[in-house]
Structures are given as structure tokens and as C-alpha cells.
Amino acid sequence: MNQDPVTIPINHQRERTVTTVVYALQALSFFFGISLFAAIIINYVKLDDVRGTWLASHFRWQIRTFWFSLLWTLIGAVSLLFVIGYFILIADMLWLIYRIAKGWLNLANGRPMYGVR
């Protein structure tokens, strides 16, 4: 099954656009934090539309990105009284940038996340 990674079936174009919007909302969260919550809501509302497609792996990636980032943000915020909280928040921010960039690049190349074909 060697397929061209940039070939996208017509019937998945709408779902691909939604996936792109979610990555954009995640990126905008650095300026408008509320957009991260809008992104996760879209993920859960549109999840059934991508089940069984290569885009489902991107939704899983995006959902995990949200929940783990939220967890580490809360841990970092609680530990701000201690110096370690600042390092946790910086690491969380860098990790979030990595997750958005890697996911968005794979989406642009028509590749699923996690090496699933």
C-alpha cells in the first residue's frame, strides 16, 4: 500500500479543513487562551466525522495535546510558589509548540500521526 501522501480523497477535504482549523486554534491559544478550549470542543463535536479515516489520528493527537497541556499547566500553576513551576510552564509551552508544529506539518503532507496508514 504505497500511496502518495499528498493525495487526499475528495470526501475527506471538509474534515481536513476542520483539522486545520483546530491546529490554528491551538496555535492562537498563545495569544488568546480561550481558543484552545474552542479547539477541543470542535474535536469532540466532529470526532465521529473522522472515525475510520487517516484524520482520526490527528484528532487523537489534538485531543491528547489539549489534555496533557492542561494537566501540566495546572501542575505548573500550582507549583509557582516553588521555582519549579516556572520551568514546568516553560516546558509545557515548548511541548505545545512542538505538538502543534508536528501535527500541522504531517497534516499538510497528508500523513497520519503515529505512523498509521
Point-to-point distance, once rounded to the nearest 0.5 Å, from CD1 of I75 to CG of L70
10.0 Å

When hydrophobic residues are tied together by side-chain contacts of less than 4.5 Å, even through go-betweens, does L47 share a cluster with F37?
yes

Is there a continuous path of hydrophobic side-chain contacts, each under 4.5 Å between heavy atoms, that joins M93 to V83?
no

Do Y44 and M113 belong together in a cluster built from hydrophobic side chains that touch within less than 4.5 Å?
yes

Stepwise, does the side chain to side chain contact (heavy atoms under 4.5 Å, CB included) test hold for V18 with F59?
CA-CA 10 Å; V18 170; F59 269 57; 4.1 Å; yes

I'd like to check the side chain to side chain contact (heavy atoms under 4.5 Å, CB included) partners of L80; sequence neighbours left out, ordered by chain and number.
Y86, L89

Kindly indicate whether the side chain of I90, heavy atoms from C-beta on, has any atom under 4.5 Å from the side chain of L94.
yes

Counting only heavy atoms not in W95 (residues, nucleotides, ligands), do more than 12 fall under 6.0 Å from its CH2?
yes

Which atom pair, heavy atoms only, marks the closest approach of G52 to A56?
N-CB, 4.4 Å

Identify all side-chain donor-acceptor contacts of residues 99-108 below 3.5 Å with residues at least two apart in sequence or on another chain.
residue : atom : partner : partner atom : Å
R99     : NE   : T65     : OG1          : 2.9
R99     : NH2  : W61     : O            : 3.1
R99     : NH2  : T65     : OG1          : 3.2

Return each pair, listed once, that meets side-chain hydrogen bond (donor to acceptor under 3.5 Å, both in side chains) where at least one residue sits in residues 72-83; pairs must be two or more places apart or across chains.
T73-D92

So which pairs with a foot in residues 36-60 pass salt bridge (Lys or Arg N to Asp or Glu O under 4.0 Å), sequence neighbours left out?
K46-D49, D48-R51

Do you reckon L36 sits in the same ILVMFWY cluster as L71, going by side-chain contacts under 4.5 Å, direct or chained?
no

Do V22 and F66 have side-chain heavy atoms sitting under 4.5 Å apart?
no

Going by atom type alone, with no hydrogens or angles, which donor-acceptor pairs under 3.5 Å involve a side-chain atom of residues 23-32 and a protein atom two or more places apart or on another chain?
residue : atom : partner : partner atom : Å
Y23     : OH   : H58     : ND1          : 2.9
Q26     : NE2  : Q62     : O            : 3.3
S29     : OG   : Q26     : O            : 2.5

Excluding sequence neighbours, so at least two apart, what forms ring-ring contact (aromatic ring centres under 6.0 Å, His included) with Y98?
none

Supply the atom-to-atom distance I42 CD1 to T19 OG1, rounded to the nearest 0.5 angstrom.
10.5 Å

Are I40 and F68 in one and the same hydrophobic cluster, where Ile, Leu, Val, Met, Phe, Trp and Tyr link if side-chain heavy atoms are under 4.5 Å apart?
no

